Amino acid sequence: EDQVTQSPEALRLQEGESSSLNCSYTVSGLRGLFWYRQDPGKGPEFLFTLYSAGEEKEKERLKATLTKKESFLHITAPKPEDSATYLCAVQAGGNTPLVFGKGTRLSVIA
Amino acid sequence: DAGVIQSPRHEVTEMGQEVTLRCKPISGHDYLFWYRQTMMRGLELLIYFNNNVPIDDSGMPEDRFSAKMPNASFSTLKIQPSEPRDSAVYFCASSLGRGAETQYFGPGTRLLVL
């Protein structure tokens, strides 16, 4: 069974304090790994797709990396507006639907 | 494009009542997904459609839940009769293709069953 585990469940950072969120996955043939951001009361918003181990993508203060077993979302010098829940999802081979982790709730304090 | 549109945004109903949630996907997208999100279980896929045809409804919790997609621009998720444990946020998402393609989510419908 395909599984996605995100850690930590919650993370509290001071503004400017860099850190990383983890997404560990078990799938039978990864087709893609997705990162989404979700603000309170809103739907998940797409951030990145990673397709193969070693791939990296960046957007502003965020950088996503991928290995064969996990993905990291690195947040450099975060700002309060980066506060949100970050969701990871994977798609296995064979055109299976996305499987989501439960997310990491990030709070950045000014 | 306006993105995925869902209505209503909030719904409060009493146990036993019928609830209908509505979704308009992004124009041109051929896949539509219905999800349910709770604190305990996170985001769960209920059902998805390809070109208006239901492909996989194995995530639908019970026969009380049903979904339809009469055309490419409209889908409904119906709960009849509703129960308090159905309280959750229901999201609709759409994508162009499903092979590692990005899904775009609507704002969700927050359902409270009393």
Side-chain angles (χ1 to χ4, degrees), chain A residues 1-10 21-25 27-53 55 57 59 64 66 71 84-105, chain B residues 1-10 21 23-26 29-51 54-60 88-112:
Chain A
E1 180 181 341
D2 299 336
Q3 289 189 331
V4 179
T5 302
Q6 291 188 245
S7 62
E9 289 187 11
L21 314 182
N22 177 264
C23 172
S24 298
Y25 62 90
V27 295
S28 53
L30 181 72
R31 292 196 66 178
L33 184 140
F34 299 77
W35 281 99
Y36 285 82
R37 169 190 170 129
Q38 186 175 22
D39 292 298
K42 295 188 177 181
E45 177 186 348
F46 170 74
L47 292 173
F48 305 109
T49 307
L50 302 168
Y51 295 101
S52 58
E55 188 176 0
K57 288 192 176 175
K59 180 180 180 180
L66 180 65
S71 176
T85 295
Y86 291 85
L87 297 169
C88 171
V90 298
Q91 186 185 35
N95 277 334
T96 55
L98 293 185
V99 176
F100 280 84
K102 292 188 176 181
T104 294
R105 294 189 309 278
Chain B
D1 198 312
V4 176
I5 299 172
Q6 291 187 246
S7 65
R9 293 294 313 278
H10 303 274
L21 311 181
C23 174
K24 176 180 169 56
I26 292 173
H29 281 191
D30 56 350
Y31 280 87
L32 183 139
F33 306 82
W34 281 102
Y35 290 88
R36 178 172 67 177
Q37 187 176 43
T38 61
M39 288 293 292
M40 289 294 293
R41 300 175 67 89
L43 201 58
E44 302 175 280
L45 178 66
L46 299 177
I47 184 172
Y48 72 92
F49 296 81
N50 175 219
N51 291 323
I55 303 301
D56 185 353
D57 66 354
S58 60
M60 297 283 261
V89 183
Y90 291 81
F91 289 104
C92 176
S94 70
S95 71
L96 183 61
R98 191 169 57 82
E101 299 294 338
T102 303
Q103 293 183 19
Y104 295 90
F105 284 77
T109 295
R110 186 173 297 273
L111 173 65
L112 178 62

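Keep in mind it's a predicted model, so treat the numbers as computed, not measured.
Interatomic distance, Tyr35(B) OH to Phe100(A) CZ, rounded to the nearest 0.5 Å: 4.5 Å.
Neither the backbone nor the side chain of Gln6(B) comes within less than 4.5 Å of any heavy atom of chain A. Contact of Leu45(B) with chain A is made through the side chain alone, with heavy-atom distances under 4.5 Å. Neither the backbone nor the side chain of Glu45(A) comes within contact range of chain B; no heavy atom of the residue lies under 4.5 Å from a heavy atom of that chain. Proximity to chain A (any heavy atom under 4.5 Å) is restricted, for Arg110(B), to the side chain, taken from C-beta onward.
Partners of Asp57(B) by side chain to side chain donor-acceptor pair (under 3.5 Å), not counting sequence neighbours: none found.
Counting all heavy atoms, side chain and backbone alike, Gln38(A) lies closest to Phe91(B) at NE2-CZ, 3.4 Å.
Comparing Gly41(A), Gly101(A), Gly103(A), Pro44(A) by heavy-atom pairs within less than 4.5 Å of chain B, the highest count is held by Pro44(A).
Side chain of Lys102(A) to main chain of Met40(B): a donor-acceptor pair is present (N/O by atom type, distance under 3.5 Å, no hydrogens or angles).
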